[in-house]
Amino acid sequence: EGLPEKAYVSIRVGEVRKQVQYKPGEKIHFDVKTSPRTFMLDVFEKIGTAQVSLLDLTDVALAETEAGPSLSKIVEITSRRGMPITLDVNVTAASAEAIPALSLKQDRRQARHQAALEAKSYLDLQGVQKLLQNMIHKLLHQKPEDATTFMIEYLQSHRTGRGEQDLLTAPTPATERTDVEDKLPNWSALPGLGFADMPGFAPDGSTSLPNLDKHHSLVAKLLLQDASLYSRLQEVRTPAGVSLARCIKPGIDNRGHDLIRTLGLVAGDEHCFEVFRDVFEPVISQWHGGYALDSVHPLVGEECVSSVPLESSDGAHVFSVQVHCSRNLSGLPLIPAASREERREVERVISNAMRSLGGGKVKGMYHALKGSYSYAPQPGGMSDEVEQELKASGLIFHEPDSKALLC
């Protein structure tokens with residue numbers, strides 16, 4: 001795991017070294033008289049390729065050396081990261097006849113091979129292979145009736161994301177990482193952010209409740225009052241497979257403080273409010289200071305918003321107004337129970353909606369977080385400039401600043 005693409009494995013046993021391009025299950029054989037106690041293992045990453053035709057050497061005057069005819073040739077290579085590499089290659093032959101005059105057939109074969117290498121270098125640099133792989137993957141996943149139109153729209157969305165240079169810098173190819181991204185934490189490897197849950201209370205409901213006497217969240221106080229709630233709902237699951245244990249995990253793992261009121265309860269999907277009603281309704285009611293079972297969320301019309309005075313009594317003016325609206329996508333789990341694939345599906349749905357806002361006052365641009373490769377039109381995520389601009393405006397998601405948010 002973790003090997004770069006086209007890695008080379010080199011093993012040295014004693015004075016013998018063998019090197020091969022890595023392939024799963026590859027075997028490297030050594031003839032040794034006695035079993036060595038140690039061996040040296042090196043992993044190399046190919047950064048560039050160039051093929052030098054021997055026909056080119058015959059067109060250059062040979063310089064006679066003690067070792068034989070020799071010549072020096074400058075070889076230009078473009079690395080996989082797009083950086084130019086210049087090598088001064090010195091070729092020495094035992095004699096002038098040792099440099100063969102290659103046949104026309106061999107020359108053509110080498111020319112085709114060189115063209116293929118240059119083509120692959122260009123495709124890697126532009127991130128074309130990754131783009132096409134993502135497009136085919138989504139095509140097979142969604143199976144639209146008109147595959148041609150789907151692919152055209154997909155490629156156009158990628159082109160749009162690259163073309164808006166006033167907001168974005170040119171994206172890094174999807175197979176590469178920048179120096180800045182290499183310094184970012186590996187969020188997916190951290191418990192609570194990746195595949196593993198935060199240590200503590202088991203979210204699958206396999207353990208009983210601990211002593212909650214010193215816990216201060218609303219859900220902990222409710223479970224203290226009626227301990228049978230958890231045992232009665234411990235094995236119950238929502239249609240999406242969410243357990244009550246996952247919902248109450250924040251309130252169990254974090255004791256909280258008597259002076260700071262917290263819920264200690266999260267919903268794993270939209271069905272939790274109904275399946276675990278006996279837990280959610282009393283906690284929500286207490287949080288809002290009394291919320292009847294038949295209560296409905298109040299609607300705020302335009303007349304309420306427009307009635308807010310935009311000028312104070314001392315003549316000062318309001319510079320800006322922000323309205324925050326949070327909604328969830330029906331049919332997909334909420335963050336506490338969402339897998340990586342489900343989070344990416346949320347990103348896909350929302351980013352497609354953002355790209356469809358094309359006219360009038362309602363329009364927008366979707367920016368993937370820096371280091372993200374799940375959004376094909378913007379591999380590598382937003383640029384440093386865009387990130388700083390969004391931070392200054394308070395319009396960017398930040399990494400969690402408390403472990404309580406990861407439970």
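Computation of the quantities below employed the complete heavy-atom set of this structure, encompassing side-chain atoms and omitting hydrogens, waters and symmetry-equivalent molecules.
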Are His216 and Thr262 side-chain neighbours, meaning at least one heavy-atom pair lies under 4.5 Å?
no
Val13 backbone acceptor or donor facing Lys18 side chain under 3.5 Å
no
Looking at every heavy atom in both Leu41 and Ile11, which two are closest together, and how far apart are they?
CD1-CG1, 3.7 Å
Ser217 backbone acceptor or donor facing His215 side chain under 3.5 Å:
no
Is there a donor-acceptor contact under 3.5 Å from the side chain of Ser351 to the main chain of Glu347?
yes
Do Gln378 side-chain atoms and Ala368 backbone N/O form a donor-acceptor pair below 3.5 Å?
yes
Would you call Arg277 and Glu274 a salt bridge, taking side-chain N to carboxylate O under 4.0 Å as the test?
yes
Between Lys221 and Leu218 (side chain of the first, backbone of the second, donor and acceptor by atom type, cut-off under 3.5 Å), is there such a pair?
no
Under 6.0 Å from the CD1 atom of Ile335, do we count more than 12 heavy atoms belonging to anything else shown?
no
The test is salt bridge (Lys or Arg N to Asp or Glu O under 4.0 Å); show your working for Arg344 and Glu341 and say whether it passes.
CA-CA 5 Å; Arg344 288 184 171 179; Glu341 291 72 20; over 6 Å; no
Donor-acceptor under 3.5 Å (Asp88 side chain, Ile74 main chain)
no
Do Arg261 side-chain atoms and Trp287 backbone N/O form a donor-acceptor pair below 3.5 Å?
yes
Begin from the C-alpha positions of Glu281 and Ile284 and carry the test side chain to side chain contact (heavy atoms under 4.5 Å, CB included) through to its verdict.
CA-CA 5 Å; Glu281 286 189 347; Ile284 292 174; 5.9 Å; no
Let me know which of Asp197, Thr238, Asp204, Asp269 forms a side chain to side chain donor-acceptor pair (under 3.5 Å) with Arg246.
Asp197
Between Ser243 (side chain only) and Gln234 (backbone N and O only), is there a donor and an acceptor less than 3.5 Å apart?
no
Taking Lys370 for the side chain and Met382 for the main chain, is one N or O donor matched with an acceptor at less than 3.5 Å?
no
With side chain to side chain donor-acceptor pair (under 3.5 Å) as the test, would you mind laying out the steps for Ser339 and Glu342 before giving the verdict?
CA-CA 5 Å; Ser339 65; Glu342 289 163 338; 3.2 Å; yes
Please check: side-chain N/O of Glu45 versus main-chain N/O of Ala7, any donor-acceptor pairing under 3.5 Å?
no
Is the shortest side-chain N to carboxylate O distance from Arg12 to Asp42 below 4.0 Å?
no
Is the number of heavy atoms from other residues, nucleotides or ligands within 6.0 Å of CZ (Phe44) greater than 12?
yes
Strictly under 6.0 Å, is that where the ring centroids of Tyr366 and Tyr375 end up?
yes
